[in-house]
Structure formats: C-alpha cells, structure tokens
Amino acid sequence: EVRDLAGKIVVPGLVDIHVHLREPGQEHKEDIASGTRAAVRGGFTDVCCMPNTAPTIDNAITLDYVRNRAAQVGACRVHVAGACSKGLGGEALSDMGEMAAHGAVAFTDDGRGVQNAGMMRRVMEYSEPFGKVIMSHCQDEGLVDKGQVNEGPVSTRLGLQAWPAAGEEIQVMRDMELSRLTGAPIHIQHLTTARGLDMVRRGKAEGTKVTCEVTPHHLMLADACIDETYDTNLKVNPPLRGEDDRRALIEGVADGTVDCIVTDHAPHAHHEKDCEFELAPFGMIGLETALGAVVSTLVEPGVIGWARLVELMSVRPRQIIGIDRVALEPGCRADLTVIDPEAVWTVTADGFASKSSNSGFIGRTLKGRATDVYVAGRAVLHEGQLTGPYAQGAC
Ligand code: DOR
Ligand code: ZN
Ligand code: ZN
C-alpha cells in the first residue's frame with residue numbers, strides 16, 4: 001500500500017515507560033487490552049507498566065502472567081517493571097534476579113514509594129548486579145501524610161491537606177546519594193518541583209547515574225486549576241504544583257535536564273472518582289492526550305523542536321529501560337508513529353479507548369495527534385482507527 005503522508009511527521013515509535021494497566025486485579029479500571037489500545041491511539045508502540053496491581057507484580061509467576069497476557073491481547077508491546085519489595089511497601093525484598101531472568105526491565109515500588117532509606121539502600125545494592133534501573137516514586141510519608149494538593153495558596157484557600165514540595169525533594173536527594181553509594185542507576189519518576197529538578201541537574205553534573213521523567217499534566221496544569229468545583233480528576237500523586245514549578249519543569253525539558261516524558265496513566269472508574277476530593281483516589285489517565293499536550297505546550301510555542309520531542313518520547317525512554325539494545329538487521333520491520341502536527345481536537349469524556357475517563361484535559365483543545373502506528377511493520381492504528389484484534393507476541 002502506498003500512502004501519501006504529505007504534511008505528516010513520521011517518527012520512531014513513541015514509548016511511555018510509566019503506565020498503570022491495572023491487570024491483574026483491577027480490570028474494572030483498565031486491562032491490558034484496553035490500556036494498550038489507549039496507548040496506540042496516543043501514538044505509542046511500547047509501554048512499561050507498573051507493578052501496583054492485585055496481586056503485586058513481585059514474582060516471576062505474576063510477571064509471566066502479565067507478559068503472556070500482553071503477548072495475546074496487547075495492541076502494542078508491553079514491558080514490565082517488577083516491584084522491588086514483596087507487596088507494596090513491603091519490608092522484604094522481592095526476588096529481582098528471578099524477575100530479571102523472566103524479562104522485567106526495571107524495578108520500582110511506584111504507587112507507594114520506598115519510604116525508608118535503609119530499605120532503599122538494600123534495594124539498590126541487591127538490584128545492581130542485574131543491571132536494571134530502579135524507578136523511584138519519591139514520596140516521604142512523614143511529610144506527605146494525608147496530603148491532597150500542593151502546599152501553597154491553593155491548599156489554604158480550598159482547605160485541603162497540604163503536600164509540601166520537600167516531601168518529594170528529600171527522596172530525590174536520598175536516592176541520588178544512595179545511587180552514588182551503591183552504583184545502581186536511579187530513575188526519578190514524575191518529578192514535579194523546581195528544587196527537585198535542580199538537584200537532578202546538579203547530580204548529573206557530578207556524574208551521578210540519575211535520569212528523570214516529567215508528565216504532560218505537570219507540564220501543562222498547575223494547582224491553580226483546582227477550584228471550588230473540586231474536580232477529582234485533578235487529584236494526582238504527586239500533586240499539580242505551583243506555576244513557578246511548572247515553568248521550571250518546562251525549562252528542564254528545554255535545557256536537557258529532563259530525560260523523558262511519561263504519562264503515569266492512572267485509570268480509575270467513574271464511581272471511584274465521583275466523590276469528595278479527600279476520598280478520591282490519586283491519578284489521571286494520559287495515554288491518549290500526551291502527544292497533543294506536549295505538542296501544544298512545548299512544540300507549538302517553540303520551546304522545543306520535533307527532534308527533541310522524539311528524544312523525550314522515544315529515544316531516551318528506550319535507553320532508560322534498556323530496550324534500545326535490540327540488534328537491528330536489514331529488512332527488520334519498523335516501529336513507527338505518524339503524527340498530524342496540524343490536527344486540532346477537543347478532549348471529551350466519551351472519546352477515550354481507555355476503560356476510564358478520569359482525564360484532567362477534558363474540555364481542552366489540543367493540537368497534534370497520531371494518525372497511524374506501526375508495530376513491527378504492522379498497522380495497529382490506521383488513519384486514526386484502531387485495527388485490532390491483536391496479538392503482538394512476546395517482546
Ligand atoms: O496519581 C497516581 N496514581 N500516582 C501514583 O503514583 C500511583 C497512581 C495509581 O496507581 O493510581
Ligand atoms: Zn508514582
Ligand atoms: Zn505511577
């Protein structure tokens with residue numbers, strides 16, 4: 001088939017190394033089939049899912065289940081981050097060696113964070129020989145406690161429990177110091193504050209093996225978006241920060257400090273978010289809006305060019321989880337995303353392929369959208385339409 005792609009931009013397949021697919025155990029929010037369909041709609045050929053499922057992905061059996069399921073019903077490739085402890089926030093380390101042997105690409109306690117420095121040190125020391133990156137959620141429980149929104153004028157005005165920036169920054173600094181001590185590479189997940197970003201900037205200059213990610217929602221939205229309507233879709237962990245932090249993150253994306261953009265796609269059912277702000281679970285979906293948000297917020301205003309977008313959403317994420325080492329041979333089939341840079345579209349609650357619609361972007365108009373996605377040379381998105389059913393096979 002010959003396609004006329006005049007006016008389109010063809011890039012190597014986009015990769016999101018931070019998503020929550022909810023399978024096994026919370027399939028009412030999302031499952032591997034629906035989550036990967038949302039990924040493909042968003043232009044992604046590869047995602048890396050987090051282990052805070054039920055049961056937790058903290059052993060080879062659960063890991064195998066997720067990988068096999070993804071091979072059967074996944075619309076795109078699914079890589080898996082194993083939990084570094086048994087159960088979420090568990091005191092015992094998981095068998096990371098066995099999970100590495102079964103294809104885990106990273107280890108993390110995302111959704112909770114490793115609270116204790118001694119525990120994190122053991123995680124890093126134990127994991128280092130397996131050569132897998134540790135992804136850290138960076139949340140100090142003592143400071144965050146029952147925090148609901150960023151500590152500042154918004155938390156005061158709305159009377160919501162405050163979540164200080166230091167509750168994140170302390171862990172960023174801790175993890176970088178422990179990385180230096182143990183030799184294990186550390187990846188800071190969903191960085192949200194100006195000071196945390198500065199710490200990473202300095203760490204990199206000092207040769208620390210640190211990488212970091214930011215989300216489109218922390219780049220595009222700030223705590224001031226939360227008002228007296230108490231939109232629970234804007235309740236995320238870590239919280240939307242102040243305007244100064246948001247601008248600092250954009251600066252970090254522009255100057256190269258930020259390695260990659262991830263969605264932290266966190267689906268929750270309508271009935272779970274349809275409650276008081278304090279009772280709602282944290283998280284918003286992001287796979288289908290990420291590209292449009294990044295193009296609108298960063299490319300359109302000229303903050304970054306397309307080459308940097310490809311670095312942030314395809315090249316660096318592959319390197320961080322080590323899926324860039326696959327040997328390419330002549331004739332090997334490509335992973336490609338075709339982007340319409342001029343597509344202007346409005347986000348609506350009923351327009352998602354995800355099972356959930358808890359997006360903070362509903363009602364916003366975005367520019368830029370994936371029209372076609374090829375995984376291993378096969379069209380999984382064709383002129384904006386999902387082609388399914390799928391079977392990607394093991395990756
Ligand atoms: O907002 C969030 N939701 N942040 C996390 O770290 C976890 C995630 C989830 O699993 O819902
Ligand atoms: Zn997290
Ligand atoms: Zn997460």
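All ligand and atom numbering here is 1-based and tracks the order in the structure. FYI, the numbering just counts along the sequence from 1. Please read these numbers as outputs of a predicted model, since none were measured by experiment.
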Open item on the list: Between K273 (side chain only) and P281 (backbone N and O only), is there a donor and an acceptor less than 3.5 Å apart?
Closed with: yes
Open item on the list: Around atom CD1 of I61, are there more than 12 heavy atoms from other residues, nucleotides or ligands closer than 6.0 Å?
Closed with: no
TODO: Answer yes or no: does atom NE2 of H270 have more than 12 heavy-atom neighbours from other residues, nucleotides or ligands under 6.0 Å?
DONE: no
TODO: Give a yes or no on whether the backbone of V294 and the side-chain of T297 come within a donor-acceptor separation of less than 3.5 Å.
DONE: no
Identify every side-chain donor-acceptor pair in residues 256-266 under 3.5 Å, counting partners at least two apart or on other chains, and give the distances.
from : atom 1 : to   : atom 2 : distance (Å)
T257 : OG1    : R201 : NE     : 3.2
T257 : OG1    : D255 : OD1    : 2.7
D259 : OD1    : K204 : NZ     : 3.1
D259 : OD1    : R316 : NE     : 3.3
D259 : OD1    : R316 : NH2    : 2.7
D259 : OD2    : K204 : NZ     : 2.6
D259 : OD2    : C212 : N      : 2.8
T263 : OG1    : D16  : OD2    : 2.5
T263 : OG1    : H265 : N      : 3.0
D264 : OD1    : H18  : NE2    : 2.8
D264 : OD1    : H20  : NE2    : 2.9
H265 : ND1    : G286 : N      : 3.0
H265 : ND1    : L287 : N      : 3.3
H265 : NE2    : E30  : OE2    : 2.8

TODO: Determine the sole option in R174, R241, R195 for which the salt bridge (Lys or Arg N to Asp or Glu O under 4.0 Å) test with E168 is passed.
DONE: R241
Task: Set of residues that line ligand 1, where lining means a heavy atom lies under 4.0 Å from it - done: H20, R22, N52, D110, G111, H137, H190, V236, N237, D264, A266, H268, F282, G283
Task: More than 12 heavy atoms of other groups within 6.0 Å of D227 CG - done: yes
- [ ] Under 2.8 Å from the Zn ion (ligand 3), which protein N, O or S atoms are there? Could you list them by chain and number?
- [x] H18 NE2, H20 NE2, D110 OD2, D264 OD1
Open item on the list: Once side chain to side chain donor-acceptor pair (under 3.5 Å) is applied, what residue pairs with a partner in residues 84-106 remain, sequence neighbours excluded?
Closed with: D64-H102, S85-D109, D95-Y126
TODO: Can you establish whether the number of heavy atoms outside R122 located under 6.0 Å from its atom CZ is more than 12?
DONE: yes
